Amino acid sequence: MSRVCEVCGKGKIKGNHIETRGRAKHLKGVGTKVTGITRRDFKPNLQNVRVTLPNGGTKVMRVCTQCLRCDAVVKKVVRNPFAFKKAAPKAE
């Protein structure tokens, strides 16, 4: 399985890790200096989620957290947490 969101297609991107040393000037230092730059990967925060499909079925998908937050997918409801059981009618 690749590290790609199945909803928006977000995947890993390349970037730099910058190594510095020294003390910042606003902290009474002489300034920070760059001592090394190496390549790195920025990976999306993917979650395995059971999603309710439009036809009523469910499917496990790898979805990034931004898609979960903006309601791009509908999570499967296992049970309604605020549904009360109906009381049996009292026999008098």
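Here the structure is a predicted model, which means the values were calculated and not measured.
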Would you check if the side chain of Asp41 reaches a backbone N or O of Lys43 as a donor-acceptor pair within less than 3.5 Å? no
Using only atom types and a distance under 3.5 Å, with no angle test, would you say the side chain of Thr58 pairs donor to acceptor with the backbone of Thr52? no
Closest non-hydrogen contact found for Val30 with Lys33 is O-NZ, 3.6 Å
Whether over 12 other heavy atoms sit under 6.0 Å from Arg39 CZ: yes
Rounded to the nearest 0.5 angstrom, the CD-OG1 distance for Glu19 and Thr38 is 8.0 Å
Which value, rounded to the nearest 0.5 Å, describes the distance between Ile18 atom CD1 and Ile37 atom CD1? 5.0 Å
Could you tell me whether the side chain of Lys75 reaches within less than 4.5 Å of the side chain of Val51, counting heavy atoms only? no
Looking only at side-chain N and O atoms, does Asn16 offer a donor or acceptor that is under 3.5 Å from a partner on Arg40? no
Residues Cys64 and Cys5: closest non-hydrogen pair is N-SG, 3.4 Å
Do the non-hydrogen side-chain atoms of Lys12 and Arg3 ever get within less than 4.5 Å of each other? no
Evaluate the side-chain proximity of Val4 to Glu6: yes if any heavy-atom separation is below 4.5 Å, no if none is. no
Minimum side-chain heavy-atom gap Met61-Val49 below 4.5 Å: no
